[in-house]
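Every heavy atom of this structure was used, including side-chain atoms; hydrogens, water molecules and symmetry mates were not.
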Amino acid sequence: MTTSAFSTVELAPSDPILGLTELFKSDANPNKVNLGVGVYYDDAGSVPLLECVKSAEARVVGKQAARPYQPIDGNANYGKLVQALLFGAESDALAENRIITAQTLGGTGALRVGADFLKQVVGCSDVWISDPSWENHRGIFQNAGLKVNVYPYYDSNTGGIAFDQMVEQLKTLPKQSVVLLHACCHNPTGVDLNTEQWKIIAELIVEHALIPFLDIAYQGFGVSLDEDGFVVRLFTERCKNLIISNSFSKSFSLYGERIGGLSIVSSSAEEAKRVQSQLKRLIRTNYSNPPIYSGAVVETVLADSDLKSQWDTELGGMRERIKHMRLELSSNIAKLCPDVDFSFITRQQGMFSYSGLTREQVVRLREEYSIYAIESGRICVAALNSKNIGVVSEAIAKVIT
């Protein structure tokens, strides 16, 4: 018999989040709680199907339309609606035709296409991500051929931003270095820059000729759809070039539909056309073109004022529920552990929190109480609800005292 061509293939390490989910599924404890996966759950512990999505789906399916190939960069009207949401309908860059948008396979797909563009077309060699950052950021850019470096971001001593260190590091970067920034609801820490800090970073990016890449996967989970889009509009005003990846997985609760977008701001309309041509070439040799259904659902909601208003309301309900869970957890820990200040969790935004739990404490939570979290201490606050908040609070209190 001949030797298998794959005999030297090694077993890859499990994904830190998906691997944790497998452990969670095999746990027989009826009171188990998974705080590791980045998914919004309602108070019943279920992934919600939004009412605006139900209505949009009924319209899409009711048309009984054929399913031809879409253009390489997706539905043009979808792209325009995404642009209005991100940049504002009155954007000068939009009016000047300096922005192109491609429908992508979720935010992850947008990040990868953007990374390929920077490496293969622009000729970039390095990208800088926050310390810490979403773990998949590193893998996406590494696999695209970019060297991944980190800049200071989270200050574990204060539970805030290591802003001075961040600024000093960014000042040292070579020109044309790519800087990945979380536009809102930082994953994994939940700690965001304030308005004045963002303005400083934008000016620094321009002054040192860096290339900003904004990842906005949680628009609407911070303060509001409009206010969470502030950073995108700020950088569009200040920077000649800008790349933005956005996702609707969380905000529309469409995790399995893989719908997002990649937008690129150029210095002129003519430059934008050239950028678009190269983007199409990259997509064509990757997945050829995006699917129809998910984009049609989002397009239907964004294009209809009533459905869009309903979406905004439903998204606001999700956002407020997460904030309530933050308050509940902080209050419970204060009662159970009067000497421990857990109030920092209420100042964080979005679905996630850097809880301050050590690796050893996280392991104890899992092994002794069937509470599953990432070993970095990141927890998904959106996984908490009125039924499990007590169990989780008591377990945390026991491992931190």
Side-chain angles (χ1 to χ4, degrees), residues 111 114-115 118-119 122-142 144-218 222-223 227-245 265 267 344-345 347-350 352-356 358 374 376-378:
L111 286 162
L118 290 167
K119 175 64 177 179
V122 182
C124 299
S125 59
D126 286 69
V127 62
W128 295 75
I129 65 176
S130 62
D131 182 18
S133 191
W134 179 45
E135 186 58 34
N136 213 21
H137 279 149
R138 179 177 295 277
I140 289 168
F141 285 96
Q142 280 183 341
L146 290 156
K147 180 183 177 183
V148 179
N149 312 280
V150 298
Y151 58 83
Y153 186 81
Y154 182 70
D155 185 339
S156 59
N157 293 320
T158 65
I161 305 291
F163 187 68
D164 291 343
Q165 295 94 317
M166 176 182 178
V167 167
E168 290 307 311
Q169 178 70 74
L170 295 182
K171 285 180 178 178
T172 69
L173 305 190
K175 291 182 179 180
Q176 300 297 298
S177 293
V178 181
V179 181
L180 184 75
L181 299 156
H182 301 237
C184 67
C185 305
H186 185 273
N187 179 6
T189 69
V191 182
D192 290 341
L193 300 176
N194 61 38
T195 299
E196 292 308 311
Q197 289 172 329
W198 274 120
K199 290 178 180 178
I200 292 170
I201 295 300
E203 290 300 325
L204 190 156
I205 291 283
V206 173
E207 181 182 351
H208 292 269
L210 306 177
I211 302 175
F213 195 142
L214 300 180
D215 187 3
I216 181 165
Y218 305 96
V223 181
E227 292 187 58
D228 289 354
F230 159 77
V231 176
V232 174
R233 297 191 297 272
L234 172 69
F235 275 71
T236 303
E237 292 170 1
R238 305 286 177 87
C239 305
K240 281 188 177 180
N241 300 119
L242 173 63
I243 303 177
I244 307 102
S245 60
V265 180
S267 62
F344 64 88
I345 197 173
R347 297 188 292 273
Q348 299 168 347
Q349 293 195 122
F352 304 108
S353 168
Y354 243 36
S355 64
T358 66
I374 307 301
S376 64
R378 188 208 81 169

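Contact record, Pro132 with Tyr354: CG-OH, 3.3 Å, taken as the closest heavy-atom pair. Nearest heavy-atom pair, Ser130 versus Val150, reported as atom, atom and distance to 0.1 Å: O-CG1, 4.4 Å. Taking every heavy atom of both residues into account, Ile211 and Val122 meet most closely at CD1-CG1, 4.5 Å. Here the shortest heavy-atom pairing between Ile216 and Ala183 reads CB-CB, 3.8 Å. Scanning all heavy atoms of the two residues, the minimum distance from Gly222 to Cys185 falls at N-SG, 3.4 Å. Among all heavy-atom pairs drawn from Asn241 and Ser267, the shortest one is ND2-N, 3.9 Å.
The distance from the CG atom of Asp131 to the CD atom of Gln165 is 11.5 Å, given to the nearest 0.5 Å. Rounding to the nearest 0.5 Å gives a distance of 9.5 Å between CH2 of Trp134 and NE2 of His182. Taking OG of Ser133 as the start and CG of Leu180 as the end, the distance is 5.5 Å to the nearest 0.5 Å. Distance check, rounded to the nearest 0.5 Å: CD1 of Ile201 to OH of Tyr151 gives 8.0 Å. Distance check: Thr189 OG1 to Gln349 CD gives 10.5 Å after rounding to the nearest 0.5 Å. A distance of 8.5 Å separates CG in Leu181 from OH in Tyr153, rounded to the nearest 0.5 Å.
Looking at Ser355 and Ile345, their side chains never come closer than 4.5 Å, going by heavy atoms from C-beta outward. You'll find the side chain of Val206 reaches within 4.5 Å of the side chain of Cys239, heavy atoms only. By the 4.5 Å heavy-atom criterion applied to side chains, Leu146 and Lys119 are counted as neighbours. Using a 4.5 Å heavy-atom cutoff, the side chains of Leu234 and Thr195 are not in contact. Phe163 has its side chain within reach of Leu193: a pair of non-hydrogen atoms, C-beta onward, lies under 4.5 Å apart. Taking the side chain as every heavy atom from C-beta outward, Leu170 and His208 never approach each other to under 4.5 Å. Put simply, the side chain of Leu118 reaches to within 4.5 Å of the side chain of Phe213, judged on heavy atoms. Side-chain contact check for Pro212 versus Val179: every heavy-atom pair is 4.5 Å or farther apart.
In this view, Glu168 and Lys171 satisfy the side chain to side chain contact (heavy atoms under 4.5 Å, CB included) rule, not counting sequence neighbours.
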Next item on the list: Run the numbers on Gln169 and Trp128 for side chain to side chain contact (heavy atoms under 4.5 Å, CB included), then give the verdict.
Entry: CA-CA 10 Å; Gln169 178 70 74; Trp128 295 75; 3.9 Å; yes

Next item on the list: Apply side chain to side chain contact (heavy atoms under 4.5 Å, CB included) to the pair Leu204 and Leu210, showing each step before the final yes or no.
Entry: CA-CA 8 Å; Leu204 190 156; Leu210 306 177; 4.1 Å; yes

Margin query: Go through it in stages, so that I can follow the logic: the residues are Arg378 and Asn187, the test is side chain to side chain contact (heavy atoms under 4.5 Å, CB included), and I'd like the CA-CA distance, side-chain angles, deciding distance and then a yes or no.
Written below: CA-CA 9 Å; Arg378 188 208 81 169; Asn187 179 6; 3.4 Å; yes

Note to self: Before you tell me yes or no, could you show the steps for Leu111 and His137 under side chain to side chain contact (heavy atoms under 4.5 Å, CB included), namely the whole-Å CA-CA distance, both residues' side-chain angles and the distance that decides it to 0.1 Å?
What the structure shows: CA-CA 8 Å; Leu111 286 162; His137 279 149; 3.7 Å; yes

